[in-house]
Amino acid sequence: MLRVTIFSVQCWLSTLNLQQLRIFVATARSGHLSKAAERLFLSQPAASAQIKGIEQELELALFTRHHSGLELTEAGRKLLPRAENLLLDVDAFKAQARTLTGRISGKLRIGSASDPERVRMGGVLSEFVLQHPLIQVSVQQRSSASCYAGLCTGELDACFALQLAVDDSVTVRHLREVNYVVCAGKSFESDISDWSLAESAAAPWILPPIGGAHDRMLQELFSNHRLDLNPAARVDNEHLTRHCVVKGVGLGLLNQEQAELDVKSGLISVAKDQRVTTRLSFAHLSQRRGDPIIGALLETVESVWNPGRNPLSSTESALSELASGLSI
């Protein structure tokens, strides 16, 4: 059921707009204005002006500025849950409105943190567009951490991402297990096939962003053995990691399927028994499980990933759930 009071909407939205709320939430979640601006496809000066506008309108400082980024003030921490709930309520309002038209239409924004082939993006999109031509679909390539953050800020409706710890505000459907292995280019100083974990840790490394899915896997593989890695560079996507590994810049963690192809091509070597397993998942906000667009996408993902099954139409269930709860 949609829970929006007239007072709360008037209090916030009479002078503030949804874009400002999205910028506030995105900045709060990332801790960096530049990252928030990038996620929302804004220039940093435009995003900064929006934050200043919110603070002037509310006559409150929402962030304290540090050389390392932005941190929420006490007022900002108290207002963040309200802003997030308002954005969720707007999405729920739009979802209910769609049920009144008798057809599913609108926009769908999907985040992808993996290679399109691995998430079967082509199959999902081709089937979804065919079944739902009135829905405008856009896909954004992001890190797994950025995908989950995008769900919370309202920048994304759903995502394909590697496993990370999330609370029950996010519904996660595990699609398959994925293995990652320690690799080095053939132009690297030596063959790493028989290296120990300690030897690998001491070599130069192409490291992922801190706090992401790949960082978690490296911690599982090395930090649990009290081994610290030696950083040569830090990059933010798998394609760049692979490029640096192949060129001999340092060791890196690569998807095992891709690594096996590169070994056959003579591009890399792989350290034996240095492997970590994670999960590829499909996720959306739990509060949006009744949204007919999310229901339609879930149905398509199930069809593409489990073609032999005949799943219950989640689209019909979503429409039924919303139609029975149209009160505000």
Side-chain angles (χ1 to χ4, degrees), residues 91 95 104 106-152 155-181 212-214 216-217 237-239 254-261 275-321:
D91 288 334
I104 304 177
K107 296 181 179 180
L108 174 64
R109 301 153 302 171
I110 305 172
S112 177
S114 188
D115 185 276
E117 290 291 336
R118 292 181 206 144
V119 300
R120 306 180 188 177
M121 186 65 76
V124 170
L125 290 182
S126 61
E127 183 172 326
F128 187 86
V129 170
L130 180 64
Q131 296 293 327
H132 307 283
L134 298 179
I135 298 178
Q136 302 174 31
V137 183
S138 63
V139 180
Q140 301 176 24
Q141 187 74 33
R142 295 181 172 218
S143 68
S144 293
S146 179
C147 278
Y148 290 117
L151 296 179
C152 297
E155 302 159 60
L156 297 176
D157 301 299
C159 69
F160 293 92
L162 297 179
Q163 181 178 358
L164 279 173
V166 294
D167 59 30
D168 57 8
S169 67
V170 177
T171 295
V172 177
R173 185 221 190 276
H174 298 302
L175 300 175
R176 57 169 294 198
E177 287 191 343
V178 185
N179 293 320
Y180 280 77
V181 291
H214 294 78
R216 184 195 63 77
M217 286 188 282
N237 65 76
E238 286 189 25
H239 296 296
L254 299 182
N255 179 278
Q256 185 173 358
E257 295 173 1
Q258 180 62 57
E260 289 173 350
L261 293 176
R275 182 180 70 180
V276 62
T277 301
T278 187
R279 287 175 171 177
L280 177 64
S281 302
F282 172 79
H284 63 87
L285 287 182
S286 301
Q287 185 166 331
R288 295 193 61 190
R289 64 169 57 93
D291 188 322
I293 290 183
I294 297 298
L297 182 58
L298 279 167
E299 188 176 305
T300 301
V301 170
E302 181 69 22
S303 173
V304 171
W305 278 86
N306 295 286
R309 296 178 60 182
N310 183 24
L312 173 68
S313 173
S314 52
T315 305
E316 293 178 3
S317 298
L319 290 170
S320 175
E321 179 179 336

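Taking the side chain as every heavy atom from C-beta outward, Val301 and Arg120 never approach each other to under 4.5 Å. Contact check for Glu127 versus Val304: side-chain heavy atoms found under the 4.5 Å cut-off. Considering only heavy atoms from C-beta on, Glu117 stays 4.5 Å or farther from Gln258 through its side chain. Side-chain contact between Ile293 and Asp157 is absent, with no heavy atoms from C-beta onward closer than 4.5 Å. Using a 4.5 Å cut-off on side-chain heavy atoms (C-beta onward), Leu285 and Val170 make contact. No side-chain heavy atom of Val119 sits less than 4.5 Å from a side-chain heavy atom of Val124. Between Arg216 and Thr278 there is a side-chain heavy-atom pair separated by less than 4.5 Å. Between Asn255 and Asp115, every side-chain heavy-atom pair lies at or beyond the 4.5 Å cut-off.
Note: Cys147 SG to Leu164 CG = 10.0 Å, rounded to the nearest 0.5 Å. One finds the CZ atom of Phe128 at 7.0 Å from the CD1 atom of Ile110 (value rounded to the nearest 0.5 Å). Atom-to-atom distance recorded for Gln287:CD and Thr171:OG1 is 10.5 Å, nearest 0.5 angstrom. Here the CG-CG distance, from Leu108 to Leu156, works out to 9.5 Å after rounding to the nearest 0.5 Å. In this structure, Leu125 CG and Leu297 CG are separated by 9.0 Å, a value rounded to the nearest 0.5 Å. Remark: Ser114 OG to Asn237 CG distance equals 11.5 Å, nearest 0.5 Å.
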*asked:* One pair to check against side chain to side chain contact (heavy atoms under 4.5 Å, CB included): Leu280 and Leu162. What are the steps and the verdict?
replied: CA-CA 5 Å; Leu280 177 64; Leu162 297 179; 4.3 Å; yes

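When all heavy atoms are compared, the tightest approach of Gly150 to Arg142 is CA-NH1, 3.8 Å. Of all non-hydrogen atoms in Ala259 and Val181, the two that sit nearest each other are CB-CG2, 3.7 Å.
Between the side chains of Glu238 and His214, at least one donor N or O lies within less than 3.5 Å of an accepting N or O. Using a 3.5 Å distance cut-off with no hydrogens or angles, the side chains of Ser286 and Ser169 do not pair a donor with an acceptor. Remark: the Thr300 side chain and the Gln131 side chain contain no N/O donor-acceptor pair separated by less than 3.5 Å.
Residues passing the ring pair (Phe, Tyr, Trp, His ring centres under 6.0 Å) test with Tyr148: none are found, sequence neighbours excluded. When the ring pair (Phe, Tyr, Trp, His ring centres under 6.0 Å) test is applied to His284, no partner is found at least two apart in sequence or on another chain.
A donor-acceptor pair under 3.5 Å is absent between the side-chain atoms of Ser112 and the main chain of Gln141, judged by distance alone. Formation of a donor-acceptor pair under 3.5 Å by the Ser144 side chain with backbone atoms of Ala113 is not found in this model.
Within a 6.0 Å radius of CZ in Arg118, more than 12 heavy atoms belonging to other residues, nucleotides or ligands are found.
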